[in-house]
Engineer: 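Let me begin by handing over the structure; questions about it come next.
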2 protein chains.
Amino acid sequence: MADSGAEPAAAEADQGAEQNSTRERILDIAQELFTELGYEKTSLRQIAERLGYSKAAIYYHFASKEDILMALHMRLHDFGFGALANLDPGQMSGAVFTALLDQLTDQILGHRGLFVLHERNRAAVEKLHRDAHHDAAHADLEIVIRQALSDQRLAPSLRVRMACTIGAVMGALVLSGEVFSDIPSAELGVLVKDAARDLMAPVTSS
Amino acid sequence: MADSGAEPAAAEADQGAEQNSTRERILDIAQELFTELGYEKTSLRQIAERLGYSKAAIYYHFASKEDILMALHMRLHDFGFGALANLDPGQMSGAVFTALLDQLTDQILGHRGLFVLHERNRAAVEKLHRDAHHDAAHADLEIVIRQALSDQRLAPSLRVRMACTIGAVMGALVLSGEVFSDIPSAELGVLVKDAARDLMAPVTSS
DNA sequence: GTCTATATAGGGATAGAC
DNA sequence: GTCTATCCCTATATAGAC
């Protein structure tokens, strides 16, 4: 587990086209190291070392270490809106939720590294949110879900099922490390979605 | 979320009797701060401040900052053996696994703070393991589970279901934050165990 | 765009007084 | 058992040469 360098990290980080700009390379390396060692334990010196450049070079592309994490957060943040767009607030039900989870599953499968990064650096990312350099127009998918889970107008059985379902998806795709590297992505996706459906079925009136 | 001081943290940390020794108080405060701010971001100065003592005082009770985390890890580590004792290696099946998860659910409900601490500081705890100050007689529940999940002799559908089930339990009890604080522990336990059973049922030959 | 050199701060850890 | 004072190292960040 945490086998660095074995897999091409750049393969899944192609959002701004495949222009291997220095900035993107820094982000790729940072994503890898932040995930492996943790954000706080990763020094800019280490990033620069792996990059082949000097430490100060990074400051040309990013104002601070925090800015690097912010950029990585933004990579993920944008994807969240895809699922949020189809979300009608106040209409959260079992059926809607199940559909939402299917989307989430696909997004995690497509950008797994980013989700693992966030999972392993929750404290640092939350501090980012608190210092709120991007409070405007910021509505995390996570916050929406948390609201639904806290909604006491819903039955406890439904709320707990929803939390279990999110956990099931996260458990199989994010927390599981490399244990499923022998299973094709597509198959993994089907199995996880099936599990989510079985989990929500008893509390969903379709 | 992460509402510190609102709940009596000492209430669940009564393993060595209720002797509020300085050492235990340090551990309780550290557990709180490590969870809230993250291990790396928490300084000994902060711990000492909240303790009312000076920073160096902590070094009387613990050899290093890492030692504090180790002590907290040990608090949890011991509980793991309870579930491990009933575990017959090589006999991992759906039914065995479901029973194991029931035990895990109860243990998380009883020591939730410790599990949250570990979840939010995976990098630091893993480094602890690597530096192996306690390699002897050390068999984490997590390692056993990871082995089972990686076992290619088992059907992918079973392996993924197991990962989903662990995730479901963790999702509802650990990752969920404070969203279920209005639901009694006992009810929460029943709902989670039901979910785990529904999840494992399709792949369990009973 | 990348480098060297350096300023500055903060945190872990030690020595030894009380 | 607890304290003050201090050492030392590392890491972020800046200034300015090339």
Side-chain angles (χ1 to χ4, degrees), chain A residues 16-17 19-73 117 120-121 123-128 130-131 133, chain B residues 10 16-73 117 120-121 123-128 130-131 133:
Chain A
Q19 54 155 341
N20 237 9
S21 66
T22 302
R23 183 186 161 92
E24 296 302 315
R25 281 170 58 215
I26 291 174
L27 286 177
D28 291 342
I29 294 170
Q31 175 174 329
E32 223 174 287
L33 290 177
F34 287 174
T35 303
E36 204 174 317
L37 312 172
Y39 173 73
E40 316 285 352
K41 266 295 185 186
T42 303
S43 69
L44 297 182
R45 203 196 105 270
Q46 285 172 296
I47 297 177
E49 214 163 61
R50 195 173 286 200
L51 188 69
Y53 293 153
S54 144
K55 186 176 65 168
I58 298 177
Y59 279 94
Y60 178 82
H61 298 278
F62 296 95
S64 66
K65 185 186 180 184
E66 204 183 317
D67 249 39
I68 300 178
L69 183 63
M70 176 66 79
L72 289 171
H73 177 56
L117 168 76
R120 288 182 61 107
N121 291 283
V125 174
E126 279 170 18
K127 181 172 176 54
L128 221 58
R130 279 196 297 274
D131 298 358
H133 292 141
Chain B
E18 60 281 345
Q19 54 156 341
N20 236 10
S21 66
T22 302
R23 183 187 161 92
E24 296 302 315
R25 280 171 58 215
I26 291 174
L27 286 178
D28 290 341
I29 293 170
Q31 175 174 329
E32 224 174 286
L33 290 176
F34 287 173
T35 302
E36 203 174 317
L37 312 172
Y39 172 73
E40 315 285 353
K41 265 297 184 184
T42 303
S43 69
L44 296 181
R45 203 195 106 268
Q46 285 171 297
I47 297 177
E49 214 164 61
R50 195 173 285 200
L51 189 68
Y53 293 153
S54 145
K55 186 174 66 168
I58 297 176
Y59 279 94
Y60 178 82
H61 297 279
F62 296 95
S64 66
K65 185 186 180 183
E66 204 182 316
D67 250 39
I68 300 178
L69 183 63
M70 175 66 80
L72 289 171
H73 177 56
L117 168 76
R120 290 183 60 107
N121 290 283
V125 173
E126 279 169 19
K127 182 171 174 53
L128 221 59
R130 280 197 298 275
D131 298 358
H133 292 141

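Residue numbering restarts at 1 for every chain, and letters A, B, ... go by the order of the sequence lines. Atom set for the values below is all heavy atoms of this structure, side chains included, hydrogens, waters and symmetry mates excluded.
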Engineer: For the side chain of A:Thr42 and the backbone of A:Leu37, is there at least one donor-acceptor N/O pair under 3.5 Å apart?
Structural biologist: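 Not at all, since once roles are kept as given, no pair shorter than 3.5 Å links the two residues.
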
Engineer: With the side chain of B:Ala56 defined as its heavy atoms from C-beta on, choose the nearest nucleotide among D:dC3, C:dG1, D:dT14.
Structural biologist: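 Minimum distance to the B:Ala56 side chain belongs to D:dC3.
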
Engineer: Using atom CD of B:Glu49 as one end and atom P of D:dC3 as the other, report the distance to the nearest whole Å.
Structural biologist: 13 Å

Engineer: Choose from D:dT14, D:dT2, C:dC3 the nucleotide whose nearest atom is closest to any side-chain atom of A:Ala57.
Structural biologist: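 Nearest listed nucleotide: C:dC3.
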
Engineer: What nucleotide among C:dG1, C:dC3, D:dT2 has an atom nearest to a side-chain atom of A:Tyr60?
Structural biologist: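 Comparing C:dG1, C:dC3, D:dT2 against the side chain of A:Tyr60, the answer is C:dG1.
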
Engineer: Between P on C:dG1 and NE2 on A:His61, what's the gap in Å once rounded to a whole number?
Structural biologist: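 Taking atom P of C:dG1 as the reference, NE2 of A:His61 is at 6 Å.
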
Engineer: Write down the distance between NZ (B:Lys65) and P (C:dG11), rounded to a whole number of angstrom.
Structural biologist: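 Those two atoms, NZ and P, are 9 Å apart.
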
Engineer: Between B:Glu24 and B:Ser21, is there a donor-acceptor pair closer than 3.5 Å when you use the side chain of the first and the backbone of the second?
Structural biologist: no

Engineer: Is the terminal nitrogen or CZ of B:Lys65 (NZ for Lys, CZ for Arg) located under 6.0 angstrom from the six-membered ring centre of B:Tyr39 and within 45° of that ring's axis?
Structural biologist: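 Positive - B:Lys65 is close enough to the ring of B:Tyr39 and near enough to its axis.
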
Engineer: Quick check on contacts: within residues 39-48 of chain A, what sits under 4.0 Å from DNA chain C by heavy-atom distance?
Structural biologist: none

Engineer: Give the rounded distance in Å between these two atoms: CG of A:Leu37 and P of D:dA11.
Structural biologist: 11 Å

Engineer: May I ask you to test the B:Asp131-B:Glu66 pair for a side-chain heavy-atom distance under 4.5 Å?
Structural biologist: yes

Engineer: Rounding to a whole Å, what distance do you find between A:Tyr59:OH and C:dT8:P?
Structural biologist: 16 Å

Engineer: Taking any heavy-atom pair under 4.0 Å as a contact, classify A:Tyr53: base, sugar-phosphate, or nothing.
Structural biologist: sugar-phosphate

Engineer: Work out which heavy atom in A:Ile58 is nearest to a heavy atom in A:Ala48; give both atom names and the distance.
Structural biologist: CD1-N, 3.8 Å

Engineer: Can you figure out which of C:dA13, D:dC3, D:dT12 approaches the side chain of B:Ser64 most closely?
Structural biologist: C:dA13

Engineer: Tell me whether A:Lys127 is salt-bridged to B:Glu36, with the criterion being a basic N under 4.0 Å from an acidic carboxylate O.
Structural biologist: no

Engineer: If you assign B:Arg25 and A:Lys55 each to the DNA chain D nucleotide with the nearest heavy atom, which residue ends up on the more 5' nucleotide?
Structural biologist: B:Arg25

Engineer: Of all the heavy-atom pairs spanning B:Ile26 and B:Ile68, show the shortest one and how long it is.
Structural biologist: CG2-CD1, 4.4 Å

Engineer: Between A:Thr22 and C:dT2, does any side-chain N or O lie under 4.0 Å from OP1 or OP2?
Structural biologist: yes

Engineer: Rounded to the Å, how far apart are A:Phe62 CZ and D:dT12 P?
Structural biologist: 14 Å

Engineer: Using atom CD1 of A:Ile68 as one end and atom C1' of D:dT12 as the other, report the distance to the nearest whole Å.
Structural biologist: 11 Å

Engineer: Can you check the B:Arg23 CZ to D:dT2 P distance for me, whole Å?
Structural biologist: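 Rounded to the whole Å, the gap is 13 Å.
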
